[in-house]
Number of protein chains: 2
Amino acid sequence: MKQKNVSLNDIAKSLGVSRALVSLVLNGKAAEHGIAESTCQRVLAKASELNYKPNQLARSLRLGRSFTIGLVVSDISNIFYSKLARAVEDLAERAGFSLVICSTDEQVDKEQKLLRLLQNRQVEGIILSSSQADCDDLTRLKNDGVPLVLIDRKLDCKQLSTVVSNNRLGGEIGTKHLIDSGYKRPLALAITPAHISTISERVKGYTNAVTEVGIAPWVAEVPFEEVPSYVEALIGRLKAENRLPDSIFALNNSVTSAALVALKKHGLDVPASVGLISFDDIPYFEFMNPAISAVEQPIAKLAEVAFGRLMDQINGSSATAYESLTVELPVNLIVRESTTKQQPN
Amino acid sequence: MKQKNVSLNDIAKSLGVSRALVSLVLNGKAAEHGIAESTCQRVLAKASELNYKPNQLARSLRLGRSFTIGLVVSDISNIFYSKLARAVEDLAERAGFSLVICSTDEQVDKEQKLLRLLQNRQVEGIILSSSQADCDDLTRLKNDGVPLVLIDRKLDCKQLSTVVSNNRLGGEIGTKHLIDSGYKRPLALAITPAHISTISERVKGYTNAVTEVGIAPWVAEVPFEEVPSYVEALIGRLKAENRLPDSIFALNNSVTSAALVALKKHGLDVPASVGLISFDDIPYFEFMNPAISAVEQPIAKLAEVAFGRLMDQINGSSATAYESLTVELPVNLIVRESTTKQQPN
DNA sequence: TTGAAAGCGCTAACAC
DNA sequence: GTGTTAGCGCTTTCAA
């Protein structure tokens, strides 16, 4: 059943020529080596007759190129990352690369293990949304010669090429929108661990905006592993104590979902009782009742820039000095119904 | 910068022993070859001193095993497939395999190209949600010795191991729920191309259920490439002509979204004006207003069974005769608010 | 115009 | 107990 694949050698032998000749022809280098047209034909014919499939593994070993890149994120089933993955996949395919996708579940040791694995598999580069708190491990990887670009989350280190959304600004914009809509007491729903740059930046933006107009910041930190239950309990408690916020800025899509569930469960109407805006836009937000306002990230652009930088590294053209190693892409405010405050009081 | 990686050879040379010796030690086969403990230590020490990273490419070539499997679906950014991918990834990782993910966009030629590519890359197996109408191409692949299992969609051929949801039954269950809820004129929103088994099976189930109670089937086929605009136009037309359905069975998640958008745009309240049930449950359905009823597929189970069968093929234990080559997993009806008909008239 | 030879990094069979 | 040899399938000089 598992018959051996036909190799270059098989073709060569059955034609009475050398492997090299066959390789040259099959790689379209016949012309530049002045190989007879007739020979070419025979080779090509034989190859297709034998149903020859080049073994890319062998080719990769010989060439020192695997034509594979890795994408490492916290969870590929999160819609933000799956959209990102799709964008990267398209880019990679067009450039002749396959994509190996890995999820880390925010576990640093798992991330490190996965990164080593990819390195051992000789991937030509890695695009990473890291859960790590510092970049020692990653600079080591980079120094091993593995092209690497950080996406979505930045680390506090200047050595690594990084492509992120402008999360701080997004936090500000979203918060300002809340304030401009007449809300006086917006709660920011953040997530731990606190070193994740996306969240901390968004919190900063929120804090700036709120402070600027003399409102005291109010941030609740939701533990990553228990988002839904924690948020529901929180809302319940605030309601019981009669000190609900008049609006909520949910700082990523998982906490937005949790907030929506909790609000609904506790019979709190959006936006009548509580306004809501989400960081991360989701297709479903558009047709919910009410439609959810959101700060949208430029996912396709993130992928594009990150992939471009990775290719630069792979092709050694990283010499092209960038203005800055880290680029922050602009986000976009989408106003829908969930932040429509009832007439001002 | 791109310094050469240290190889087995480097360790061997710098220690004055043979490559083979080093290989054995590093693979934990020192004991069974009676290699001196002291030698082991020296090797291990040197390996870590030199920061040795085994080249999996070379290892794979030698072993004839790539420790990689492919997952091919129509679009990895569709939440159904990204959840499936995550489940497969976990299984694969636990079994020591990496996962290469590919999207076909329902294009048969792209699918074929991707499949060949994976084959050339020597993946050890492929899990595929195929867009093809027949299985000639796939049996050829299988006959080339590539372990293959179909997931989500089945083809009309008995040779290929296949794992799907019981879509026909799901279609029936969903439709019956509509009927039981008092709806008299349910429209099924299908999608073309018509050969996609998931959809055609669901239509069958719908038709059975509706026919059984003497209602005439009413199926609208939405072209795959223009779902949103088509659905919106359709609803608009039906409304204008004053012959709206009293309920809609949206036969997959993309058409559900489209229906929701269209209904909202045309000011049609769910479920007051039109009831709605979706094939495929989405996390967001739970907290929408109204919460959307749905037929839920057992995604984790699909992945599990498919992966198990793939492993059986890879390990040659596929001899274990299955009861049937194709398995259909039960689906689950989730009743929420979108199918709550107002008091019967 | 074609072929021979070397070698990518690894492992398994078989000596010593 | 330890080391040698051969070779996975491919590409690329270099020589003929």
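Protein chains get the first letters and strands the later ones, always in sequence-line order, with residue 1 at the start of each.
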Visitor: State, yes or no, whether a side-chain contact exists between A/L115 and A/Q132 at a heavy-atom distance under 4.5 Å.
Guide: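 Touching, per the 4.5 Å side-chain cut-off.
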
Visitor: Does B/K29 have a side-chain nitrogen or oxygen under 4.0 Å from the phosphate oxygens OP1 or OP2 of C/dT11?
Guide: no

Visitor: Measure the distance from CG on A/L61 to C1' on C/dG7 and round it to the nearest whole Å.
Guide: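 Those two atoms, CG and C1', are 9 Å apart.
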
Visitor: Are OP1 or OP2 of C/dG9 and a side-chain N or O of B/N5 less than 4.0 angstrom apart?
Guide: no

Visitor: Between P on D/dG7 and CG on B/L63, what's the gap in Å once rounded to a whole number?
Guide: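 Interatomic distance, CG of B/L63 to P of D/dG7: 17 Å.
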
Visitor: Can a side-chain donor-acceptor contact be found between B/T139 and B/Q159 if the only test is distance below 3.5 angstrom?
Guide: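 Absent: no donor and acceptor within the cut-off.
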
Visitor: Hey, does the side chain of B/S7 come within less than 4.0 Å of C/dG9's phosphate (OP1/OP2), counting only N and O?
Guide: no

Visitor: Is any side-chain N or O of B/T39 closer than 4.0 Å to OP1 or OP2 of D/dT2?
Guide: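 For D/dT2, OP1 or OP2 has a side-chain N or O of B/T39 closer than 4.0 Å.
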
Visitor: Could you tell me the separation between the CG atom of B/L8 and the P atom of C/dA12, rounded to a whole number of Å?
Guide: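 After rounding, the gap between these two atoms is 12 Å.
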
Visitor: So, is B/R59 near the phosphate of C/dT11, with a side-chain N or O under 4.0 Å from OP1 or OP2?
Guide: yes

Visitor: Using a 3.5 Å distance criterion without hydrogens, assess whether the side chain of B/S60 forms a donor-acceptor pair with backbone atoms of B/R65.
Guide: yes

Visitor: How many angstroms lie between atom NZ of A/K154 and atom CG of A/D156, to the nearest 0.5 angstrom?
Guide: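 CG of A/D156 is found 9.0 Å from NZ of A/K154.
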
